[in-house]
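Atoms within each ligand, like the ligands themselves, are counted from 1 in listed order. Remember, it's a predicted structure, so these values are computed and weren't measured experimentally.
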Amino acid sequence: MTQLAYILAASHSGSTLLTMFLNSHPEVATIGELSPGHIEDLSWYLCSCGSSIRECHFWRWVASAMRTRGINFHLEEFGTGFWMPDSRIAAGLLGTLHRGPALELLRDIGLRLFSPWPSRIAEIIRTNEILVEVILEYYHARLFVDKGNRALRLKYLLHIPSFDLKVIRLIRDGRGVALTYMDPAGFADAKDPALRGGGSGGQRENKRLSMAQAAHQWRRCNEEAENILRGLDASQWIEVRYEELCKDTENTLGRLFEFLGIDPDKRAREFRTVEHHVVGNGMRLDPTSQISLDERWRSVLTEEELCVFDREAGKMNRRYGYSDNGI
Ligand SMILES: [Zn+2]
């Protein structure tokens with residue numbers, strides 16, 4: 001069985017930072033998201049090593065190893081996502097959030113009866129299995145880390161018999177996350193403006209949400225995570241806060257490595273000195289290993305915005321231990 005850890009987190013909760021921390025251990029391999037979605041323009045998209053993803057020696061090696069194993073692998077679209085855009089019914093059924101066991105059963109029945117999903121999912125599972133195997137081989141590692149913000153992906157990964165899966169649930173103060181949804185380029189991307197938008201320097205104006213939308217998205221994402229975790233054995237998952245990861249990095253990582261069955265002492269202390277080929281959030285392109293807790297929401301969000309957040313998601317935020325003054 002292949003050991004896999006899945007980081008389940010609302011986007012912009014610090015999961016790229018956490019994957020890079022975990023990847024600083026020689027027994028761990030990761031590329032951030034195993035299913036990063038469609039990469040629109042490969043010509044400017046940067047890998048975390050600084051090369052364009054097309055030129056990066058790691059990605060060239062992976063693509064060639066995948067082809068050797070009979071998988072027609074493309075960097076634009078890895079083929080690892082549990083979706084099916086070419087079937088309207090399947091796309092509709094796969095587009096909604098994870099909603100608990102009863103509705104998940106209905107989703108599964110619908111997919112089986114009314115769409116070509118059963119044959120497609122076998123292909124997607126195989127691509128996931130082989131890509132994980134290839135990347136573990138490159139790094140000579142034994143634990144693969146995947147991350148994502150959709151519980152539905154986790155649901156399908158849990159059904160792959162060759163994966164021995166554990167879940168790290170990462171939570172960050174919803175007010176900090178909501179601010180990143182209101183302005184992703186300004187608050188959740190590379191420090192260097194020229195490297196934002198995946199390396200294009202884009203300001204991502206079309207991705208901005210209002211505070212009401214942002215708070216709603218954060219709350220729904222966490223409700224979805226709660227739904228799926230309810231069905232798991234307590235020994236299979238662990239919860240961690242972004243804030244404790246930044247403030248008490250050593251102890252938090254020690255706890256996580258122990259949960260994953262890995263000796264924490266072998267980890268490289270300067271995580272940027274380790275070879276990383278990570279796709280996803282722009283912080284992967286920052287040059288420093290220095291960790292600073294990002295709590296810009298405290299000075300940036302207005303009283304009115306905080307009230308809007310509180311109406312939509314304040315109850316959940318407090319339940320996670322975030323008071324008016326933070327954690
Ligand atoms: Zn690279």
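- In this structure, Tyr181 and His12 have tilted ring planes: the angle between them lies in the 30° to 60° band.
- The aromatic rings of His57 and His277 lie perpendicular to each other, with more than 60° between the two planes, well past the 30° mark.
- Closest to the Zn ion (ligand 1) among the N, O or S atoms of His277 is ND1.
- Tyr242 contributes a side-chain N or O that, together with a main-chain N or O of Asp294, makes up a donor-acceptor pair within less than 3.5 Å.
- The angle that Cys49 SG and Cys47 SG make at the Zn ion (ligand 1), rounded to 10°, works out to 110°.
- At a cut-off of 2.8 Å, Cys56 is counted among the residues with an N, O or S atom near the Zn ion (ligand 1).
- Here the rule is side chain to side chain contact (heavy atoms under 4.5 Å, CB included) with Thr2, and of Val132, Asp164, Leu143, Leu165 only Val132 fits it.
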